[in-house]
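Below: the structure, in structure tokens.
In the text below, chain A, chain B and the rest are named by the order of the sequence lines, each starting its count at 1.
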Protein chains: 4
Amino acid sequence: MSTLKNHVQLIGNVGQDPQITNLESGKKVARFSLANNEFYKNEKGEKIQNTEWHTIVAWGKNAEIIEKYAGKGKEIGVAGKLKSRSYEDKDGVKRYVTEVEANEILLLGVKNGGSQ
Amino acid sequence: MSTLKNHVQLIGNVGQDPQITNLESGKKVARFSLANNEFYKNEKGEKIQNTEWHTIVAWGKNAEIIEKYAGKGKEIGVAGKLKSRSYEDKDGVKRYVTEVEANEILLLGVKNGGSQ
Amino acid sequence: MSTLKNHVQLIGNVGQDPQITNLESGKKVARFSLANNEFYKNEKGEKIQNTEWHTIVAWGKNAEIIEKYAGKGKEIGVAGKLKSRSYEDKDGVKRYVTEVEANEILLLGVKNGGSQ
Amino acid sequence: MSTLKNHVQLIGNVGQDPQITNLESGKKVARFSLANNEFYKNEKGEKIQNTEWHTIVAWGKNAEIIEKYAGKGKEIGVAGKLKSRSYEDKDGVKRYVTEVEANEILLLGVKNGGSQ
DNA sequence: TTTT
DNA sequence: TTTT
């Protein structure tokens, strides 16, 4: 789907080592959380942190880049599409999840840029 | 939060008339679904439609624009931030929702441009 | 080059019928101006228009879409890369031009969306 | 002007120390070149570098961030608008320039995140 | 759960 | 040069 119709871009830190799944086809899937951190001072001058968490899914070549280079704590950029899907949890409750499907990964804070 | 760290842009059609809430402060909130439609032909040459649904929240001035001009079916553009939050549903089940908080609304397919 | 490193998105009106060039390879190139219009009222309450013009270049399939559907005045969306190049004009003066190379075209104000 | 109608985002390296101008109003303006580097291997397996240069202009608070933190070689992110203007050079030749007017600056490759 |  |  067109970038003009559905486009997400995020820059943040990987929360935990990505979970990598090897599909039967030989393709990989990476799933991980990405944190957007924001810092500000409140009226008392105390430093406050606000963190927004996102769920990212990457397939194929992007999953491989994630597996090799984007461990816990790494700063990366992600561009992709916003997607939602539903599933039943173990208690039979219908759950909805919204994920960012990554089309591009950019490694940051890496000597030499880390562009893909 | 910076557009570089968290940015979403969508162009699509409003699913149902937006739900408008008038806060005690006098501020409005609009909440609605936006559809990204994609059409393609399958191997049999049949036209297939695939729709991705997004939940949009708009505050203040943007909520007013939505209320006035963005009824069911209207084509609009939305730019904003990706945000997640949790709540307990009526059965006490913890639910997570991910929404796009609109910073900008652009009315499309409108004679007269409709730019804000 | 990655969308994260170089990304431009524009929505506006085509200024003149695009200039289409047929390359020897059979490929097409479309070149045209796109207008971003902005309206505001000055301190006297007069309606003022400010227009920003952009030069767009589209290749191949996108050039064909432009040729067929994006004549003078049409409202379209463009996503692509920012590129600069230099050439010598007829008086031997070195000139620099900056263009948006379109990766995607979205036809707007068209019944049925006009998505590519 | 709306992000939906005119939006540019770049991540790259500052080419030279930015040129800072102090306006009579006390406001600062920063002007600098930003490089998008791309590396690939040609058919002989040699590493080739392709660089796209962009001209960035930042005003006020963003100019101050640039002056303090974004010296030659620094990796930064820029989000803003695409703008063109014309002027006469010293030989009376009319020149056109296209610049990215930065609305946001994000310092990258910096211990401590560098978010604004 | 990251990062500062 | 578009559009409103």
**Donor-acceptor pair under 3.5 Å, A:Thr51 side chain vs E:dT2 base** = yes

**Message:** Please report the distance, rounded to the nearest Å, between NZ in A:Lys41 and C1' in E:dT4.
**Reply:** 12 Å

**Prompt:** Got a sec, which residues hit side chain to side chain donor-acceptor pair (under 3.5 Å) with C:Asn42, two or more places apart in sequence or on another chain?
**Reply:** C:Glu46

Would you give me the side-chain donor-acceptor pairs under 3.5 Å for residues 13-23 of chain C, sequence neighbours excluded?
from: C:Asn13; atom 1: ND2; to: C:Gly73; atom 2: O; distance (Å): 3.1
from: C:Asp17; atom 1: OD1; to: C:Lys72; atom 2: N; distance (Å): 2.7
from: C:Asn22; atom 1: OD1; to: C:Lys28; atom 2: NZ; distance (Å): 2.8

**Message:** What I want to check is whether an N or O donor and acceptor connect the side chain of C:Asn37 with the base of F:dT4 at under 3.5 Å.
**Reply:** no

**Request:** When you get a sec, tell me which of E:dT1, F:dT1, F:dT2 is the closest nucleotide to the side chain of C:Gln49?
**Result:** F:dT2

**Message:** In this structure, how many angstroms lie between the P atom of E:dT1 and the CG atom of A:Asp17, rounded?
**Reply:** 14 Å

**A:Leu108 CG - E:dT3 C1' separation (whole Å)** = 13 Å

**Message:** Using whole Å, what does the distance between atom P of nucleotide E:dT4 and atom CD of A:Glu52 come to?
**Reply:** 20 Å

**Request:** Looking only at non-hydrogen atoms, find the nearest pair between B:Ala70 and B:Ile76 and report the distance.
**Result:** CB-CG2, 4.1 Å

**Distance, rounded to the nearest Å, where C:Tyr40 contributes OH and F:dT3 contributes P** = 20 Å

**Asked** Would D:Val100 and D:Leu34 count as a side-chain contact (heavy atoms from CB on, under 4.5 Å) if you check the C-alpha gap in whole Å, the side-chain angles of each, and the deciding distance to 0.1 Å?
**Response** CA-CA 10 Å; D:Val100 175; D:Leu34 191 77; over 6 Å; no

**Prompt:** Is there a donor N/O on one and an acceptor N/O on the other, under 3.5 Å, for the side chain of C:Glu38 and the base of F:dT4?
**Reply:** no

**Distance-only donor-acceptor test, C:Glu75 side-chain atoms vs F:dT4 base atoms, 3.5 Å** = no

**Fill in**
From the candidates E:dT2, F:dT1, E:dT4, the one with an atom nearest any side-chain atom of C:Trp53 is F:dT1

**Gap between atoms NZ and C1', on C:Lys74 and F:dT1 respectively (whole Å)** = 16 Å

**Message:** Rounding to an integer number of Å, can you tell me how far A:Asn13 CG sits from E:dT2 C1'?
**Reply:** 5 Å

**Prompt:** Out of F:dT4, E:dT4, E:dT2, which has the shortest distance to the side chain of C:Lys47?
**Reply:** F:dT4

